Protein chains: 2
Amino acid sequence: MNNTTLKQIANTLGYSISTVSRALKHHPDISVKTREKILELANTLDYEPNAFAVHLRTQNSKVIGLMVPAIFNYFYESFISSIEEECRKNGYALMILQTANDPAIEADNLKIFRQNRVTGLFACISAKTKTLEDYQKLTDQNIPVVFFDIVPEENALNKVCMADEKAASLAAEALHAANKKNIIGVFGDPLMSITQKRLAAFENYMQSKKAKLTIIHSNNSNDAEQAVSELLNSSLKVDAIFCMSDELLIGVMKAVQINGLKLKSDIGLIAISNGFVPKLYYPQVTYIETSGHKLGKLAFTQLMACLSGSPAVNELIVESVLIQGGSL
Amino acid sequence: MNNTTLKQIANTLGYSISTVSRALKHHPDISVKTREKILELANTLDYEPNAFAVHLRTQNSKVIGLMVPAIFNYFYESFISSIEEECRKNGYALMILQTANDPAIEADNLKIFRQNRVTGLFACISAKTKTLEDYQKLTDQNIPVVFFDIVPEENALNKVCMADEKAASLAAEALHAANKKNIIGVFGDPLMSITQKRLAAFENYMQSKKAKLTIIHSNNSNDAEQAVSELLNSSLKVDAIFCMSDELLIGVMKAVQINGLKLKSDIGLIAISNGFVPKLYYPQVTYIETSGHKLGKLAFTQLMACLSGSPAVNELIVESVLIQGGSL
DNA sequence: AATGTTTCCGCAAACCTTTGCGGAGATAAA
DNA sequence: TTTATCTCCGCAAAGGTTTGCGGAAACATT
């Protein structure tokens, strides 16, 4: 572990540590000649400031935390990818932890974030999170938290999320425009606020158009496949399916393929999605875009605003847009 | 930033800092009574040790670095997810950076890792990486590097990767067993060693079986879709397709669907894959599994071995296995 | 020649924790 | 009573950096 330190440079050159430190960051107090000498030696010695010492001294970690249920997820990937990009551009490092939707792990993770004195945190609460007090501890320590995607109900929090109601009603609108009247709606865990919002908006629109709606709730793609398959083989008349997420869409597409149905001619399909899954099929599945990438940019901006002392607590929304495929 | 420190606890209780420090980690020198008092106060004050101070003092960061071309990738996700799991279990935090296959960004990232004095690093070199000297700087500082998936040619390095040759010949074997004779092989960038290995093994086996082979190289799923579509519509006789990666498989499946072909009856298909993409379709695509998850576990074990002082530089291989679908 | 300004640099404290060493008091052994 | 052994705790240094303040030398101004 022969890392070069300021001290080493200072000693070999006969300057003080403070002079070296200042020279390295082009402080005007240091003469050009001295600076050059110091920079040169630092360079040949591959000097890198010890981040721990810097952070300890400056009380600023330049590390941002990110917590998601699972990295391995069509939506979060693009969010993460987008955040990482912004972090690097702005000189932050990114620390990522997964909760696996387990509140115990979630609490552990928050502790790790606190220990590492992250500058800020992006958090997607696990579906089963009951209390926010562990998050509160962070904000008590002036560590801003920006919740994204799956966010708590409470008001006085920073949140960025998709326009859930809007996305669901856009989908409903598209189904109506395509003259679909007998519809299966595939939704996720009824306890999640995201499910509730999307379901409410979807039902609301559909009722106003007098469509016949069959709602099912599935926790994963396998469940969705099973449930939809059963319905398709029952006496129920179905002319279209709506999926509230990519995960569920995968199951539904499996069911569609297994039953030998052709999209559009045999059955209509629309989903709320990040875009990756719908494009795997031909014809492409028509979807309402919820861009993790855009959400990431927005979340980062919000966190930066918090860090620069903006007191405003915000709830920001990324608008959704209909992407035409060939499935409706 | 009212973080509680050892000093605060010590002062309010009238003990010295060292006593508090020891009590908190159950050092036998401290009496039970004292320890209890200290633990209690620490608890109500939500004391968390300042990771920077700890790391600075102990010279051990407990942070592990991970660098990939892109997080948003079917293979790397599962690798990352697996690594994150192990890290958390072992008390390490994980710092993730993307290279976007840009050597300049790659160098920047390595600098960030050095500054943060990561305990170890998992690295997947970008396709265009020319020199390893930036990596060398890390190993010079006793930071072990484990290369994974796309690894340098050099010998004296820690590497974990898939059994590339074996995977390709397994696929070839399966094609032969299914009596396929006119085959399109879809491969990636011919400059990547992973492509070369897989191609060589595949061609080698096929030649021995006198199969008619048409090889194409594509850089992404769109290219693959285009190229395969053209071939399918040409006069070429084709009874099966082989894809060396998930990315390419997506394109090929698009072409298959667009041309209205049925897997197995119209055309055979086999891929080397992580498993996620093949399972999206029905029938499921038969594939040779290259598990990012397993690779992650292996890589982690190897890094731990390095950290515990094992001098052995290793090249480890994850064996591949055929997963039967319905596409052959 | 005396005073005021710059220019350039070093001192030392602070950030928070860990840990070797030593020491005071209490208990046990002789 | 003296000596040896424990028990429990504090001192102080170290890890690498940043930064307010002060000071010596050089220069410019009267």
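Note that the structure is a prediction, hence the values are computed from the model and not measured. Each chain gets a letter, A, B and so on, in the order its sequence line appears, and its residues count up from 1.
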Peer 1: Who pairs with Arg35(A) by salt bridge (Lys or Arg N to Asp or Glu O under 4.0 Å), at least two apart in sequence or on another chain?
Peer 2: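 Result, salt bridge (Lys or Arg N to Asp or Glu O under 4.0 Å) vs Arg35(A): none returned.
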Peer 1: Near DNA chain D, under 4.0 Å by heavy atom, which residues of residues 32-43 of chain A?
Peer 2: none
Peer 1: Using chain A heavy atoms and a threshold of under 4.0 Å, write down where along DNA chain D the contacts begin and end, 5' to 3'.
Peer 2: dG16(D) to dC21(D)
Peer 1: Tell me every residue that passes salt bridge (Lys or Arg N to Asp or Glu O under 4.0 Å) with Asp164(A), counting only those two or more places apart in sequence or in another chain.
Peer 2: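 Expected list: Arg198(A).
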Peer 1: Residues in salt bridge (Lys or Arg N to Asp or Glu O under 4.0 Å) with Lys62(B), at least two apart?
Peer 2: none
Peer 1: Do you know which two heavy atoms are closest between Ile80(B) and Ile71(A), and how far apart they sit?
Peer 2: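 Taking every non-hydrogen atom into account, CG2-CD1, 3.4 Å.
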Peer 1: Would you mind checking if Lys89(B) and Glu86(B) are paired as a salt bridge, meaning a charged N to carboxylate O distance below 4.0 Å?
Peer 2: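 Salt bridge: yes.
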Peer 1: Within a 6.0 Å radius of atom CD on Glu154(A), are there more than 12 heavy atoms belonging to other residues, nucleotides or ligands?
Peer 2: yes
Peer 1: With a 4.0 Å heavy-atom cut-off, tell me which residues in residues 47-58 of chain A come close to DNA chain C, sorted by residue number.
Peer 2: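 Heavy-atom contacts with DNA chain C come from Leu56(A), Arg57(A).
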Peer 1: Going by the ring pair (Phe, Tyr, Trp, His ring centres under 6.0 Å) test, which pairs reach into residues 294-318 of chain A, not counting sequence neighbours?
Peer 2: none
Peer 1: Atom CG of Asn60(B) to atom C1' of dT19(C): distance rounded to whole Å?
Peer 2: 16 Å
Peer 1: Taking distance alone, no hydrogens or angles, what donor-acceptor pairs closer than 3.5 Å link side-chain atoms of residues 40-53 of chain A to residues at least two apart or in another chain?
Peer 2:
from	atom 1	to	atom 2	distance (Å)
Thr44(A)	OG1	Leu41(A)	O	3.0
Asp46(A)	OD1	Lys137(B)	NZ	3.2
Asn50(A)	OD1	Phe52(A)	N	2.8
Asn50(A)	OD1	Ala53(A)	N	3.3

Peer 1: Test of understanding: with salt bridge (Lys or Arg N to Asp or Glu O under 4.0 Å), list the residues that count as partners of Arg88(A), not counting sequence neighbours.
Peer 2: Glu84(A)
Peer 1: Please say which of Ile112(B), Ile105(B), Leu110(B) ends up in a side-chain contact (heavy atoms from CB on, under 4.5 Å) with Met67(B).
Peer 2: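 In the set Ile112(B), Ile105(B), Leu110(B), the residue that makes a side-chain contact (heavy atoms from CB on, under 4.5 Å) with Met67(B) is Leu110(B).
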Peer 1: Once ring pair (Phe, Tyr, Trp, His ring centres under 6.0 Å) is applied, do any residues pair with Phe147(B), and if so which ones, sequence neighbours excluded?
Peer 2: Tyr135(B)
Peer 1: Under 4.0 Å from any atom of DNA chain D, heavy atoms only: list the residues of residues 13-29 of chain B that qualify, in numerical order.
Peer 2: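 Those residues are Gly14(B), Tyr15(B), Ser16(B), Ser18(B), Thr19(B), Arg22(B), Asp29(B).
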Peer 1: For Phe79(A), what residues pass the ring pair (Phe, Tyr, Trp, His ring centres under 6.0 Å) criterion, not counting sequence neighbours?
Peer 2: Phe148(A)
